[in-house]
Amino acid sequence: MHNYFITGGAGFIGSSLSKRLLEEGNKVIAIDNFCDFYNPKIKDNNVKELEQIDNFKLYRADIRDRQALKTIFEENNIDIVMHLAAMAGVRPSIENPVLYQEVNCMGTQNLLEEMKAHNVKNLVMASSSSVYGNCKEVPFREDMIVDFAISPYAATKKANEVMTHVYHKLFDFNVIMLRFFTVYGPKQRPDLAINKFTRLMLNNEEIPMFGDGSTSRDYTYIDDIVDGIIKSCNYTLNNKMFMKY
Ligand SMILES: NC(=O)c1ccc[n+]([C@@H]2O[C@H](COP(=O)([O-])OP(=O)(O)OC[C@H]3O[C@@H](n4cnc5c(N)ncnc54)[C@H](O)[C@@H]3O)[C@@H](O)[C@H]2O)c1
């Protein structure tokens with residue numbers, strides 16, 4: 001049993017992961033700023049049941065606030081960090097790249113520094129399939145060159161991968177970066193296609209079609225993502241990591 005610090009713990013993936021970890025007897029410390037990227041009431045709802053559980057502790061705070069992170073590390077004996085807090089979404093990042101840079105890059109930098117300061121070196125982190133950009137070769141492989149991001153969001157995730165590698169090399173961090181492909185299932189973010197399609201169908205409305213209908217995309221079910229995250233955390237906790245694609 002371990003103490004997990006989950007950033008973005010009120011979000012879609014964070015709350016689903018927290019639920020499973022708590023069911024398995026772990027302690028979960030979560031941070032979330034309940035930002036309005038989508039309706040924060042959905043996030044309140046995501047944590048409602050979790051907040052009834054003794055082993056769940058939620059900090060309503062921002063990862064850009066270094067002092068808030070410091071307090072969390074001081075008040076809790078954290079074994080491993082699962083870093084999910086981010087501004088997600090490709091299109092909105094084109095509208096507001098500065099915010100994406102501040103949250104995804106500066107927020108992550110704060111987290112890495114506070115982990116270093118408190119000697120917490122186990123980290124599993126959400127990257128994104130968007131780092132593959134317009135790679136033509138399929139299926140994508142982890143060892144492909146991903147230097148050609150095509151959105152500010154993807155660029156911040158690639159930047160996170162690079163910066164985290166620095167902490168692995170310089171400070172012995174044990175890290176796994178997970179490049180999620182669109183996640184679906186209960187509590188899915190309302191901005192994502194399957195959620196939108198379902199809402200339109202339930203309202204008997206037409207689903208707008210873009211392109212010629214020949215595009216394809218990978219989706220991953222939330223329970224499989226949670227399984228994968230937990231396996232990655234266990235691996236990180238039990239193995240000394242080395243650079244590996
Ligand atoms: N859902 C997907 O399909 C998908 C695909 C690829 C990558 N990802 C990545 O996985 C992670 C989780 O995604 P999700 O779908 O659960 O998104 P989400 O938006 O539901 O969850 C992210 C959470 O982070 C919180 N947050 C945002 N900025 C914050 C800040 N400055 N300080 C503290 N908390 C903050 C939000 O309030 C939200 O609850 C993200 O890093 C996202 O980029 C998700």
Side-chain angles (χ1 to χ4, degrees), residues 5-20 29-48 50 58-69 71-72 81-93 96 98-111 114 123-133 140 146 149 151-161 164 176-196 217-226 228-229 232:
F5 178 31
I6 302 185
T7 72
F12 166 39
I13 300 174
S15 59
S16 309
L17 173 66
S18 297
K19 183 168 183 282
R20 177 86 71 81
I29 299 103
I31 184 172
D32 205 296
N33 71 345
F34 293 77
C35 71
D36 62 0
F37 176 60
Y38 57 86
N39 190 343
K41 283 192 183 135
I42 297 177
K43 302 174 190 183
D44 279 324
N45 212 35
N46 287 346
V47 292
K48 213 160 104 191
L50 303 180
L58 174 66
Y59 291 82
R60 291 177 184 254
D62 197 303
I63 57 166
R64 286 168 291 181
D65 179 351
R66 179 96 182 256
Q67 184 55 47
L69 285 173
T71 304
I72 294 171
V81 179
M82 177 66 216
H83 182 30
L84 293 162
M87 288 303 300
V90 170
R91 287 219 189 107
S93 77
N96 200 348
V98 173
L99 176 64
Y100 276 68
Q101 188 72 21
E102 285 171 358
V103 173
N104 297 4
C105 293
M106 279 311 294
T108 299
Q109 191 76 55
N110 284 339
L111 178 68
E114 286 307 318
L123 172 66
V124 178
M125 180 168 169
S127 183
S128 162
S129 60
S130 65
V131 300
Y132 291 107
F140 300 145
V146 288
S151 70
Y153 169 66
T156 62
K157 289 291 181 182
K158 163 79 189 189
N160 288 163
E161 293 188 1
T164 306
I176 293 183
M177 301 289 307
L178 298 171
R179 290 176 180 162
F180 297 147
F181 286 71
T182 310
V183 187
Y184 72 97
K187 297 183 185 167
Q188 191 195 32
R189 284 196 342 247
D191 58 302
L192 294 173
I194 293 182
N195 188 309
K196 272 190 204 163
R217 193 179 173 88
D218 282 317
Y219 292 91
T220 321
Y221 189 63
I222 182 66
D223 290 358
D224 297 325
I225 287 289
V226 168
I229 293 174
S232 302

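First listed ligand is number 1; within each ligand, the first listed atom is number 1. Along the sequence shown, residues carry numbers from 1.
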Check: Does A61 have a heavy atom less than 4.0 Å from any atom of ligand 1?
Finding: yes
Checklist line | Nearest non-hydrogen protein atom, atom 12 (C) of ligand 1 | finding: L84 O, 3.5 Å
Next item on the list: Within a distance under 4.0 Å of any heavy atom of A10, pick out the atoms of ligand 1 and give their elements.
Entry: 39 (O)
Note to self: Show me which atoms of ligand 1 lie under 4.0 Å from any heavy atom of C35.
What the structure shows: 27 (C), 36 (C), 37 (O)
Item checked: Element-labelled atoms of ligand 1 that are located less than 4.0 Å from some non-hydrogen atom of F34 -> 37 (O)
Notebook entry, point to check: Quick one: does Q188's side chain get under 4.5 Å of I222's, heavy atoms only?
Noted result: no
Checklist line | Residue and atom name of the nearest protein heavy atom (relative to atom 25 (C) of ligand 1), distance in Å to one decimal | finding: D32 OD1, 3.4 Å
Notebook entry, point to check: Considering only protein heavy atoms, which is closest to atom 32 (N) of ligand 1, and at what distance to one decimal place?
Noted result: I63 N, 3.0 Å
Notebook entry, point to check: Could R60 and F34 be counted as a cation-pi pair, given that NZ or CZ must be under 6.0 Å from the ring centre and within 45° of the axis?
Noted result: yes
Next item on the list: Compute the centroid of each ring, for Y184 and then for Y221, and state whether the two points are separated by less than 6.0 Å.
Entry: yes
Item checked: Close N or O approach (F12, ligand 1; < 3.5 Å) -> yes
Item checked: Shortest heavy-atom approach to atom 42 (C) of ligand 1 - which of Y153, Y38, F180 -> Y153
Next item on the list: Return a yes/no value for S128: is any of its N or O atoms, backbone included, closer than 3.5 angstrom to an N or O of ligand 1?
Entry: no
Notebook entry, point to check: Who gets closest to atom 13 (O) of ligand 1 by heavy atom: N46, I13, T156, I6?
Noted result: I13
Next item on the list: Look at the side chain of N46 and the backbone N and O of A10, then say whether any donor-acceptor pair between them is shorter than 3.5 Å.
Entry: yes
Margin query: Within the structure provided, determine whether Y153 and S128 are in side-chain contact (heavy-atom separation under 4.5 Å).
Written below: yes
Check: Are I72 and I31 side-chain neighbours, meaning at least one heavy-atom pair lies under 4.5 Å?
Finding: yes
Notebook entry, point to check: Between N33 (side chain) and D62 (backbone), is there a donor-acceptor pair under 3.5 Å?
Noted result: no
Note to self: At less than 4.0 angstrom from any non-hydrogen atom of T182, what atoms of ligand 1 do you find?
What the structure shows: 3 (O)
Note to self: Is it the case that the side chain of K43 and the backbone of C35 share a donor-acceptor pair, with hydrogens and angles ignored and the cut-off at 3.5 Å?
What the structure shows: yes
Next item on the list: Of the side chain and backbone of V183, name the one, both, or neither that has a heavy atom under 4.0 Å from an atom of ligand 1.
Entry: both
Margin query: Regarding R179 and Y132, do their side chains bring together a donor and an acceptor under 3.5 Å, going by distance alone?
Written below: yes
Check: Closer than 4.0 angstrom: is that true for some heavy atom of G89 and an atom of ligand 1?
Finding: no
Item checked: Which segment of K157 sits under 4.0 Å of ligand 1 when only heavy atoms are counted -> side chain
Next item on the list: List every atom of ligand 1 that sits less than 4.0 Å from any heavy atom of A126, numbering the atoms from 1 in the order shown and giving each element.
Entry: 9 (C), 10 (O), 11 (C), 41 (O)
Note to self: Suppose we measure from atom 21 (O) of ligand 1 to each protein heavy atom; which comes out shortest, and what is that distance?
What the structure shows: G11 CA, 3.5 Å
Margin query: So for ligand 1, is L192 a polar contact partner (N or O within less than 3.5 Å, distance only)?
Written below: no
Notebook entry, point to check: Nearest to atom 35 (C) of ligand 1, what protein heavy atom do you find, and at what distance?
Noted result: N33 OD1, 3.0 Å
Item checked: Atoms of ligand 1, numbered as shown, that sit under 4.0 Å from any heavy atom of A85 -> 24 (O), 34 (N), 35 (C)
Note to self: Is the contact between S127 and ligand 1 made by the side chain, the backbone, both, or neither, using heavy atoms and a 4.0 Å cut-off?
What the structure shows: backbone
Item checked: Lys/Arg-Asp/Glu bridge criterion (N-O < 4.0 Å) met for K41, D36 -> no
Next item on the list: Please check if atom NZ in K158 has more than 12 non-hydrogen atoms from other residues, nucleotides or ligands closer than 6.0 Å.
Entry: yes
Next item on the list: Evaluate the side-chain proximity of Y38 to L192: yes if any heavy-atom separation is below 4.5 Å, no if none is.
Entry: no
Check: With a 4.5 Å limit on heavy-atom distance, are the side chains of Y219 and V183 in contact?
Finding: no
Check: Does M125 have a non-hydrogen atom less than 4.0 Å from ligand 1?
Finding: no
Next item on the list: Do me a favour and list the nearest non-hydrogen protein atom to atom 18 (P) of ligand 1 with residue, atom name and distance?
Entry: R189 CD, 3.5 Å
Check: I63 versus L111: any side-chain heavy-atom pair under 4.5 Å?
Finding: no
Note to self: For the 3.5 Å polar cut-off, considering only N or O atoms, please tell me whether D62 and ligand 1 meet it.
What the structure shows: yes
Next item on the list: Taking side chain to side chain donor-acceptor pair (under 3.5 Å) as the test, write out the residues that go with T108, two or more places apart.
Entry: H83
Checklist line | For atom 27 (C) of ligand 1, the option (of P190, S15, A86, G8) bearing the nearest heavy atom | finding: A86
